[in-house]
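Since we're looking at a predicted model, the values are computed, not measured. Position 1 is the first residue of the sequence, and the numbers go up from there.
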Amino acid sequence: MGGTGGIGAMTAVADSEALATLHRVFGYEAFRGEQAAVIEHVVAGGDAVVLMPTGGGKSLCYQIPSLVRPGTGIVVSPLIALMQDQVDALRALGVRAGFINSTQDFDERRVVEAEFLAGELDLLYLAPERLRVEATLDLLSRGKIAVFAIDEAHCVSQWGHDFRPDYLALSLLGERWPDVPRVALTATATRATHQEITQRLNMPTARHFVASFDRPNIQYRIVPKADPKKQLLSFLREEHAGDAGIVYCLSRNSVEKTAEFLSRNGVEAVPYHAGLDAGTRAAHQSRFLREDGLVVVATIAFGMGIDKPDVRFVAHLDLPKSVEGYYQETGRAGRDGLPSTAWMAYGLNDVIQQRKLIQSGEGDEAFQRRAAAHLDSMLALCETAQCRRGQLLAYFGQEPDPAGCGNCDTCLTPPETWDGTIAAQKVLSTVVRLQRERGQKFGAVQIVDILLGKRTAKVIQFDHDQLSVFGIGEELSEGEWRGVVRQLLAQGLLAVEGEYGTLVLTEASGEVLRREREVPLRKEPKKPASARSASGSSGKGERKAKAAVAELPQELVPAFEALRSWRAEQAREQGVPAYVIFHDATLREIATVWPTSVEQLAGVSGVGEKKLATYGEGVIGVLASLGSAEPKAGEDEPAGEEWPEMSEEPDWS
């Protein structure tokens, strides 16, 4: 170290201590991506704004500094329902963690407060509203604070989909504790939201760390909406039977009906929305965290901060309001790095409904313009004929791979495009005829019926069969015409007006009618891409989807399942989610390495000192019960040699 100054020496010491803490507590050998740089900066006392995708390891960016710096790390977390599980997970690692929120009685809070004042806590979790209570601020001023971590920092944005007014008051942290470093973290933010976080939290000197937004293990797929509940059921049965996942719906009524439909058809599902009482919501959330294979059907009120690593799918039955919202919600899948699916059913009514919601909303004109811009970006993602992942990354200002990702539906089954100019002119001409000749405005259903020449009761009632455009669109099916209307809305060539969702022209419509503009349209694939076809691919998508963890050889699956059963039993006994014991990725590595001693187990990623001491003998016991002639993944087996017989079949249920 000769020749380095005082600051350099301090940084080197902090780096070595941070890495040692990572290995000792969390069981990992090295930091990932931007983690090391963020931690070095915060440990040295600097403020940071951190954008990392869900599953990218944001929590370590404040947990390690809290353990390395003197004092207690204060974590501002938006959902009190999750604090108990966050604290349980840390305590399982040997970290002294606690929380203060409204679920505790007076005596419980007093105990935690005493631990904080005595310097006996490494991390203390608080909801943002607690920091508006003077008693909480007084408590913090009497203790030693290592770092302030503001989790889900996008909640500070007025335009954010999870806006929380209490977050606006967090700028006082820098004013009251100017010498304590602050780190604001989020998984989703455009450049504009990024800047708003910095301004509203009053962090002008903060260093910004932006990791890649890419989640290569997630396969993005959007299918044309037909019968969405049945489409969802087929998707779950064919690709995710027995998997944990989240289904998002726009309304409470849709949530209830979808959960009931899935349960009636053999998929265990529970609803979650703001209309349920707090006890029911907490119970359903707790079940989701603790049980394997449960599906939660929810409004977007569910999932923020959820730390369940093995969510294998996120499905949307209604169109999200923004790309930020979509990215945040789909990011709850596959936090463990294993292949997962972001699936959405999308149709014409989604576009019309969202347009109507914006127009009828309470926001001023500027808010409506911003909401319309968010929706336009979401529609562009749905309607693109190019790589969906590339479109998603470009939205967040990241350069996509020009060759595509190989793991989204448009890469796996490239859609055809066609010249829809004449079809567009027919739709727009019908709207013009109704307005100019009849002084009438109608929705998409009537427009399509006129084009198809269908003499429905409504067509006859208004004499629309006498229009010159009646029956001029028989070359396309009803579904195809609905697709044309949907894409015209997405391209801004049609607009929605009024509470009944009538269609009207836009300024750009004239260019199409005057033949000054061509209208390329996307032809939906006849059979949407499935996860099975993706897994059978030998291209780039397969490599990316399996980058985090290789598939287990078949001969190791029994060991993995036995370890999962043991883990489930441990979780039940302790009343904690299974991932608090070990993540699936750790169990897979254990099954692959097949350690025969606690010392060998210590070398497995994700096995820190506390977990080794608590669970080491149990893990070795599970493997020992499967037979002494353990298989070694990747080794050539002697010809004719089979899996060794076991005198007793283990209980893998």
Would a 4.5 Å heavy-atom cut-off, applied to side chains only, mark [X] and [Y] as touching?
X: Val448; Y: Val427; value: no
X: Val297; Y: Tyr248; value: no
X: Arg389; Y: Asp214; value: yes
X: His464; Y: Gln446; value: yes
X: Tyr346; Y: Met378; value: no
X: Gln398; Y: Ser212; value: yes

Hey, what do you get for [atom1] ([X]) to [atom2] ([Y]), rounding to the nearest 0.5 Å?
X: Leu505; Y: Lys441; atom1: CG; atom2: NZ; result: 10.0 Å
X: Gln219; Y: Cys405; atom1: CD; atom2: SG; result: 8.5 Å
X: Thr186; Y: Glu324; atom1: OG1; atom2: CD; result: 10.0 Å
X: His374; Y: Leu379; atom1: NE2; atom2: CG; result: 13.0 Å
X: Leu250; Y: Gln353; atom1: CG; atom2: CD; result: 5.0 Å
X: Thr341; Y: Ile218; atom1: OG1; atom2: CD1; result: 9.0 Å

Open item on the list: Other residues, nucleotides and ligands only: do more than 12 of their heavy atoms fall within 6.0 Å of CD on Gln386?
Closed with: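 Atom CD in Gln386 is not crowded, with 12 or fewer foreign heavy atoms closer than 6.0 Å.
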Would you call [X] and [Y] a salt bridge, taking side-chain N to carboxylate O under 4.0 Å as the test?
X: Glu478; Y: Lys454; value: yes
X: Glu497; Y: Arg355; value: no
X: Arg252; Y: Glu256; value: no
X: Lys229; Y: Asp227; value: no
X: Lys426; Y: Glu475; value: yes
X: Asp409; Y: Arg221; value: no

Task: From CA spacing to verdict: ring-ring contact (aromatic ring centres under 6.0 Å, His included), Phe288, Tyr272 - done: CA-CA 11 Å; Phe288 180 69; Tyr272 188 103; 9.6 Å; no
Task: Test item: Asn217 side-chain N/O and Gly334 main-chain N/O as donor-acceptor pair under 3.5 Å - done: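 Side chain of Asn217 to backbone of Gly334: a pair is present.
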Open item on the list: Evaluate Arg312 against Asp336 for salt bridge (charged side-chain N to carboxylate O under 4.0 Å, His left out), listing each step before the verdict.
Closed with: CA-CA 9 Å; Arg312 293 273 67 88; Asp336 55 8; 2.9 Å; yes
- [ ] Classify the ring geometry between Tyr326 and His316 as parallel (under 30°), tilted (30 to 60°) or perpendicular (over 60°).
- [x]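 Tilted: the ring planes of Tyr326 and His316 meet at 30° to 60°.
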Open item on the list: For Gln391 and Tyr220, which I'm curious about, is there any donor-acceptor pair between the side chains at under 3.5 Å?
Closed with: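 Side-chain D/A pair, Gln391 to Tyr220: absent.
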- [ ] Tell me whether the guanidinium CZ or amine NZ of Lys308 lies under 6.0 angstrom from the six-membered ring centre of Tyr579 and within 45° of its axis.
- [x]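 Checked: cation-pi criterion not met.
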Open item on the list: For Lys225, give me all partners under salt bridge (charged side-chain N to carboxylate O under 4.0 Å, His left out), at least two apart in sequence or on another chain.
Closed with: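 Partners of Lys225 under the salt bridge (charged side-chain N to carboxylate O under 4.0 Å, His left out) test: Asp318, Asp350.
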